[in-house]
Amino acid sequence: MLHERAAPTIVRAMSQTPSPDGPARYNFRETEARWQKSWEAAGTFRAAMIPGKPKYYVLEMFPYPSGRIHMGHVRNYTQGDVVARYRRARGYNVLHPMGWDAFGLPAENAAMEKKVHPAKWTYENIATMKTQLKSMGLSLDWSREVATCDPSYYRHQQKMFLDFWKAGLAYRKEAWVNWDPVDNTVLANEQVIDGKGWRTGAPVERRKLTQWNLRITHFADELLERLNTLDRWPEKVRLMQANWIGKSRGARVNWALTDASGADRGRLEIFTTRPDTLFGASFMALSAEHPVVADLAAADPALQRFVEECRKTGTAAADLETAEKQGYKLPLLARHPLKPNETVPVFAANFVLMEYGTGAIFGCPGHDERDHEFARKYGLPILQVVAPADGAKIDIQAAAFVEDGVLVNSQFLDGLGVEDAKARIIARLEETKVGTGTTQYRLRDWLVSRQRYWGCPIPAIHCDDCGAVPVPEKDLPVTLPDDVTFDRPGNPLDRHPTWKHVPCPKCGKPARRETDTFDTFIDSSWYFDRFTSPGVADAPFDRAENKYWMPVDQYIGGVEHAILHLLYSRFWTRAMREVGLADRDEPFEGLFTQGMVCHETYRAADGTWLTPEEIRRDGDRVTRLSDGAAVTVGRSEKMSKSKKNVVDPDQIIRDYGADTARWFMLSDSPPERDLEWTEAGVAGAWRFQQRLWRLVSARAADLAGAGDAAAATGPALALLRAAHRAAAGVSADIEAFHFNKAVARLYELANTIDGFAATDATDRAALRETLEVFITLIGPMTPHLAEELWRTLGHATLLADAPWPKADPALLVDDTVRLAVQMNGKLRATLELPKDCAREDAERAALALPEVMRGLDGKPPKRVVVVPNRIVNIVV
RNA sequence: GCCCGCUUGAUGGAAUGGUAGACAUACGGGACUUAAAAUCCCGAGGCCGCGAGGCCGUGCUGGUUCAAGUCCAGCAGCGGGCACCA
């Protein structure tokens, strides 16, 4: 969903193609196409606002049009479709739309490699994938389809950007960015892998550029606090977002700087979360990108070289981990704000981040591991100012002490605990005006400029006199020029001969268009709003429609978007609120993150990967089809082109049908966990479809006009009970996203139906009712088969319009219960008793059992525990 | 390093503290068939026993409880997220 790194490969036919359809077989090819046409002709899934009718907005993360759908899509959209069809049947007014996250890098790569224009490539992919999605039989309202690369879509996001700009939520700033020196472009963090550009493999550099940013930090606290109220989000995602926002309490402290002669060199502000350890300071460290360092470097070639070094390494996590702490001693001294007679040396250091806090820290080696390492390397003093509370002796020279404890060697803080000491020293810093208590966030503003062609143009014009000027609203949308070339690296917009030359809207002098485009995560930050009224031309959406449909009741997608996409969308919603476009805080009421689709991996003796179609299985023996050579079976991993363990959904749908693919996706694995795709599992799902077809069609003729099941007794009553229990259970399972359990219940009900033989009219009525319940219950999962069976039973109307079965409470309880009889907690026997029978009766019946008598051996029990309708435990 | 999650038959997985292994897949046996496929029936956690039956069993070690896969403490393994964030 959204953007992914690579498109899946196309895989050829399954080795185990089902035999041709005979007369007794369910012909899925003909049937699925027919019902898809029926739904479309009837407009079954078209959504329309009906004020007063409860709505339900189901949304799956829309796909990037990479070329073909893959199994991840099939799983995601199947889950969403189950929810959507279920809610429809429950009487909700359901909105279930689909669109395309259509801007992005792969289109430009295709343009470079295949000499095809990004727009052409994208729209062709959309056409292909739309056909594929339609073959899945999803209950989508295609009339609301949206592609983010369409000017009628992105013009609104340009307008919203201008609104944000006016409101101070968008701004330009100089920032250090990841620069790919081969492609001459900025890369997003996620496009930097192990410190190298993902496309070129060139080591990424840090470069200072003026770029557009969105002020997401303005909402940092709100974004964090509101996470607590998202109780239908996975705990894990909320936690990840909270960590990402990274709120920490601390203090900013000013230190006076002097040079070696004692002359004033201004002040230096640092941020710390441990102001309590201020008396343990033994050095100051500045980021190599800090302005003070830049000033000094102008006259110091050696420092310049140091700064250069830091810039080149620096970005990759792997590098950072192994990189040694490096410092460069600056010709400065810092005066301790609370010990006026003491100074500490000042370093530029490679481990201090310019982007966090003030880009400067004080080093307290005694109580910070990084500072400890740095102090040891440069022979700086290591002072202990916190001691273990239990009085244990520690060697502060050997290792930093970072736990809670009691302050020592710290004047007025001595004897206080860490938390108390923090409060006390912040108060003192504020009194003496050398610092303030502050809250710091790890979250940074969202850098949205990209030096790309295939993205939404940023609607700004740069004038030498007026600076950055908004494009006037009447000139929106700013569209992309078609005549561009991709034969050279860099941004085709920037080198286009005419596109960027425009007069300044303010003063009329020649000026230049902004040639950067937006990060594509902007496109996906509000598409769910657009779906509520996609046809509106003069606004991003109709206010009334939006108010009716939003928020999304159930959002479903991959956990890989736990932070970026979901956080950006939460921000965009708030930014819209801020400029008066909407009055909502949160876009997604419920969120579900589905697991990945995995498959075994296969390798030949020479180590090359093999596709599932290149191998052959004989029991435990796995060989290569072409030459019979032995194949090593590897563990199951996420389907990926590079490991060749990809199965093409198109092929599966062609060979087995959409319902089989859907059924298999839902069975066995819990939806949030990874699913292992197996050929045997698909074949099993396919056999079950056939079995259901036989189950119903063999009985249908006999059931026409079957009467009332109310008089059912004995086996017929038991059958009805099974049906109603299944109805209640499946409903609860779907609502709880336990699709695998719902599937198991349906298997059970099918087994029960199979074992039932109707002998009289009442039996036939009970069987008919059971089959109708059963067909309705499988409807959300295997909609084509269910429609066909529904018709087979004689219905002339669509199952998709039929209401969900209501479980009769009277049929959900049995007259008798089977309870376990334990001795000392170990099962000895079971006992069939009337429901809710008296404790004494249960105890008496249990003690009379031969198994129990034998165990007691004539002795009286020590104690008997009776849990009504559950268990009798006899303690001896 | 920090944070989070997971660990149950051959496999995917069920199980409000109350009959562990529902359901499925794979497997074995049988029926049908000239044969196969398909279909149908039966079996199946491990060990002991002819059998009736018994003992053991949810990563490991303890604890709470009449009763623990489930709760608590500690440990191990696997997976995920973040990571010089001061």
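Order of the sequence lines sets the chain letters (A, B, ...), proteins ahead of strands, with each chain counted from 1.
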Nearest-nucleotide pick for [X], side chain only, options being [options]:
X: A/Leu827; options: B/G54, B/A86, B/U19; result: B/U19
X: A/Arg694; options: B/G12, B/C40, B/U19; result: B/C40
X: A/Lys236; options: B/A86, B/C3, B/G80; result: B/G80
X: A/Arg854; options: B/C82, B/U19, B/G53; result: B/G53
X: A/Arg673; options: B/G13, B/A86, B/G12; result: B/G13

Using a 4.0 Å heavy-atom cut-off, does [X] contact any base of the nucleic acid, only the sugar-phosphate backbone, or nothing at all?
X: A/Glu748; result: sugar-phosphate
X: A/Leu353; result: base
X: A/Thr678; result: nothing
X: A/Val352; result: base
X: A/Val867; result: base
X: A/Ser667; result: nothing
X: A/Asn873; result: base

Looking at [Y] and [X], is there a salt bridge between them, counting it only when a charged N and a carboxylate O are closer than 4.0 Å?
X: A/Glu419; Y: A/Lys422; result: yes
X: A/Asp754; Y: A/Arg691; result: yes
X: A/Glu235; Y: A/Arg238; result: yes
X: A/Arg376; Y: A/Asp371; result: no
X: A/Arg274; Y: A/Asp368; result: no

### Query
Is the side chain of A/Arg662 donor-acceptor paired with the backbone N or O of A/Val82 at a distance under 3.5 Å, no angle test?
no
### Query
Between A/Asn824 (side chain) and A/Val876 (backbone), is there a donor-acceptor pair under 3.5 Å?
yes
Could you state the atom-to-atom distance from [atom1] of [X] to [atom2] of [N] in whole Å?
X: A/Phe739; N: B/A24; atom1: CZ; atom2: C1'; result: 18 Å
X: A/Glu851; N: B/C55; atom1: CD; atom2: P; result: 13 Å
X: A/Asp668; N: B/U25; atom1: CG; atom2: P; result: 8 Å
X: A/Asp371; N: B/C84; atom1: CG; atom2: P; result: 15 Å
X: A/Leu286; N: B/A86; atom1: CG; atom2: P; result: 17 Å
X: A/Trp244; N: B/C3; atom1: CH2; atom2: C1'; result: 15 Å
X: A/Met596; N: B/G80; atom1: CE; atom2: C1'; result: 9 Å
X: A/Glu235; N: B/G5; atom1: CD; atom2: P; result: 8 Å

### Message
Taking the nucleotide of RNA chain B with the nearest heavy atom to each, does A/Arg828 or A/Gln440 sit closer to the 5' end?
### Response
A/Arg828
### Task
Find which nucleotide of RNA chain B each of A/Tyr441 and A/Val821 is nearest to by heavy atoms, and output the residue with the more 5' nucleotide.
A/Val821
### Message
Does A/Lys325 qualify as a cation-pi partner of A/Phe374, given the criterion of NZ or CZ under 6.0 Å from the six-membered ring centre and within 45 degrees of its axis?
### Response
no
Do the side-chain N or O atoms of [X] get closer than 4.0 angstrom to the phosphate oxygens (OP1, OP2) of [N]?
X: A/Tyr747; N: B/A24; result: no
X: A/Asn751; N: B/A24; result: yes
X: A/Asn740; N: B/A14; result: yes
X: A/Lys826; N: B/G54; result: no
X: A/Arg870; N: B/G17; result: no
X: A/Arg745; N: B/C23; result: no
X: A/Arg274; N: B/A86; result: no
X: A/Arg249; N: B/A86; result: no
X: A/Arg687; N: B/A24; result: no

Nearest-Å distance once atom [atom1] is located in both [N] and [M]:
N: B/U8; M: B/G63; atom1: P; result: 24 Å
N: B/C48; M: B/C42; atom1: P; result: 28 Å
N: B/G74; M: B/C82; atom1: P; result: 27 Å
N: B/A83; M: B/C2; atom1: C1'; result: 8 Å
N: B/A22; M: B/G12; atom1: C1'; result: 13 Å
N: B/A73; M: B/U25; atom1: P; result: 40 Å
N: B/C23; M: B/G9; atom1: C1'; result: 14 Å

### Message
Regarding B/C84, can its base be found pairing with the side chain of A/Lys325 as donor and acceptor, where the two atoms are less than 3.5 Å apart?
### Response
yes
### Summary
Classified by glycosidic angle (syn within 90° of 0, else anti), B/G9 comes out syn
#### Entry: is_close_aromatic(A/Tyr747, A/Phe688), centroid dist under 6.0 Å
yes
### Query
Between which residue ranges does RNA chain B form stems of three or more consecutive Watson-Crick or G-U wobble pairs, both distances under 3.5 Å?
B:1-7 with B:76-82, B:10-12 with B:23-25, B:27-31 with B:39-43, B:45-48 with B:53-56, B:59-63 with B:71-75
### Query
So among A/Asp836, A/Asp814, A/Thr816, which one has a side-chain hydrogen bond (donor to acceptor under 3.5 Å, both in side chains) with A/Asn869?
A/Asp836
### Message
If we check ring pair (Phe, Tyr, Trp, His ring centres under 6.0 Å) with A/Phe664, which of these qualifies: A/Trp686, A/Trp677, A/Phe739?
### Response
A/Trp677
